[in-house]
There are 2 protein chains.
Amino acid sequence: MARDGSATRKAIMDAAQALILETGFSAASVDAVITRAGITKGAFFYHFKTKAELALALVQRDAEADAAHLETNLQRAESLSRDPLQQLLICIGLYEEEMARLTAPYPGCLYASFIYEAQLFDAATIAVVRQVFTHWTQRIAGKLEAVMQLYPPRLPVEVKTLAETSLVLAEGAFILSKVQRDPGAVAAQWRQYRNYLELLFSPQLPDPVPRRGNDAAGVTHDKLDVSVPAK
Amino acid sequence: MARDGSATRKAIMDAAQALILETGFSAASVDAVITRAGITKGAFFYHFKTKAELALALVQRDAEADAAHLETNLQRAESLSRDPLQQLLICIGLYEEEMARLTAPYPGCLYASFIYEAQLFDAATIAVVRQVFTHWTQRIAGKLEAVMQLYPPRLPVEVKTLAETSLVLAEGAFILSKVQRDPGAVAAQWRQYRNYLELLFSPQLPDPVPRRGNDAAGVTHDKLDVSVPAK
DNA sequence: TTATCTATACCGACTGGTCTGTTCGCTACG
DNA sequence: CGTAGCGAACAGACCAGTCGGTATAGATAA
């Protein structure tokens, strides 16, 4: 089957993505990528005219996957509750669950990786990253608007900023998890965002939690009552 | 004055730091650094045996500066209130003010930059980053412990995770501000952390804010009544 | 059925340039 | 005059990208 190059193309992109998350874009040399992918220079430059073209293809692939992922989770959440606040909390909870399921390779984000080497990329590549960010923000902000119609926030907040906080927490959590080599850190930070939204909007606030023992060993992370099908 | 090389050393480090935040470590070549610093290869390798040694020196310098910065802000906060919760909120507010004062060069964090190129650095350099993170976390967590002794949280939280959220928000906000080219984004996210802590712990919750006009134009960011001396 | 042709998919040696790091020499102070 | 501080040329490794060539699959045609 010398006729289908899509597998090779995918192998290149997968190898490159993993390498970039480990070493950054500049240090992920074409030689290193092709070694990891098990192919040669010829194959690489057959599929991508330049290394920059690979970068663009990578962010575009991630952008589409992430957008689709968000829609999936939002739709699941919307089918599980009619209340906008609950929908948002469930959606965040779904992301939390997914991140809690992660194990070995400490996650990372290509967008952040590229942004910290921003000068290396052309405007189009960076534009994709910016577009992903604004799309995510607007999608969440839309939900937050609906929430605000129903529940006045206990503190003055801008919807846009509050929506961005979800992005910010995710990106920051990736960094923390890499530093600590603890994939669980990401889920824990999603949980903080859920807490924040709940405290801001939820009409009936939970009773204060009685003080536990001296160290914070026995905190109960109550599970969401939503099971996500393995895809 | 051929006898004092410390100025040259500082020039190298400053140029390198700025370049690294723009392009990443690998792309910040020694040639680019010395051009920016206005010196030559000889001077560079007189002060730093290798490029890796420069990396270590940079994170160490930042680590010391950040630790001192945190102590300053904590002490200022402690002198302004006797209540641990207020102290923490004031301390966060001080960071928020400083970030709000930033303008042109969208801020960035050397730690995050290094972490996304982690494989390039030796264990000692990464260890410094990890140490900065744990130190910050423990310092904030200590304060949070004192807060919890007085005010039971409205939701179950781990002090460590909650302390890490401050770090996570800061790191994530740097990324957001770089993507949006908006230095103000960092301050806005610090504010979210203040909100979260207030909602979690403050015994008298503010009244729900009445819904404003359709767009979120007129949010009042009430100023802290604390002025920070220009250092 | 078999010979020929063409486009796709890939190989691997090679090139010009850039990278980190070395070497040596100059100069100005103590 | 000795050495701290630095300039300038150089060395060897590595980089992205090129190019002539190969293998295979299907279309065409005899």
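Quick note on labels: first sequence line is chain A, next is B, and so on, each numbered from 1.
B:Gln189 and A:Thr165 form a side-chain donor-acceptor contact under 3.5 Å, judged by distance and modelled atom types alone.
Distances shown here put every side-chain N or O of A:Tyr46 at or beyond 4.0 Å from the OP1 or OP2 atom of C:dC10. For D:dC6, the OP1/OP2 oxygens have a side-chain nitrogen or oxygen of B:His47 closer than 4.0 Å.
Under the 3.5 Å distance criterion, the side-chain polar atoms of B:Thr23 are matched with a main-chain donor or acceptor of B:Leu19. Looking only at distances, a side-chain donor or acceptor of B:Lys51 sits under 3.5 Å from a matching main-chain atom of B:Phe25.
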Throw together a table of side-chain donor-acceptor distances under 3.5 angstrom for residues 167-180 of chain B, partners on residues two or more places apart or in other chains.
| unit_1 | atom_1 | unit_2 | atom_2 | d |
| --- | --- | --- | --- | --- |
| B:Ser177 | OG | B:Phe174 | O | 3.0 |
| B:Lys178 | NZ | B:Leu21 | O | 2.8 |
| B:Gln180 | NE2 | A:Glu164 | OE2 | 2.8 |

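Across the interface with DNA chain D, nearest-nucleotide mapping of B:Ala43 and A:Ser29 shows B:Ala43 to be the residue nearer the 5′ end.
Across the protein-nucleic acid pair, B:Ile34 atom CD1 and D:dA9 atom P stand 12 Å apart, rounded to whole Å. Rounding to whole angstrom units, CD of residue A:Glu53 and C1' of D:dA16 are separated by 14 Å. What separates CD1 of A:Ile12 from C1' of C:dA9 is a distance of 11 Å, to the nearest Å. Straight-line distance from the CG atom of A:Asp31 to the P atom of D:dA13: 15 Å, rounded to whole Å. The distance from atom CZ of A:Phe48 to atom P of C:dA9 is 13 Å, rounded to the nearest whole Å.
The salt bridge (Lys or Arg N to Asp or Glu O under 4.0 Å) check on B:Asp14 picks up B:Lys10, B:Arg61, with sequence neighbours excluded. Partners of B:Ser26 by side chain to side chain donor-acceptor pair (under 3.5 Å), not counting sequence neighbours, listed by chain and number: B:Glu117. Residues passing the salt bridge (Lys or Arg N to Asp or Glu O under 4.0 Å) test with B:Glu78 are B:Lys143, sequence neighbours excluded.
Geometrically, A:Lys41 does not engage A:Tyr46 in a cation-pi contact, judged by NZ or CZ lying under 6.0 Å from the ring centre and within 45° of the ring axis.
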Restricting to nitrogen or oxygen on both sides, can you table the protein-nucleotides 21-23 of chain C pairs closer than 3.5 Å?
| unit_1 | atom_1 | unit_2 | atom_2 | d |
| --- | --- | --- | --- | --- |
| C:dG21 | OP2 | B:Lys51 | N | 2.8 |
| C:dG21 | O6 | B:Lys41 | NZ | 2.8 |

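For residues 117-125 of chain B, proximity to DNA chain D is found at no residue, defined as any non-hydrogen atom under 4.0 angstrom from a strand atom.
Aromatic ring centres of A:Tyr193 and B:Tyr196 lie farther apart than the 6.0 Å criterion allows.
Checked against C:dC11, D:dC6, D:dG7, the side chain of A:Ile39 finds its nearest nucleotide in C:dC11.
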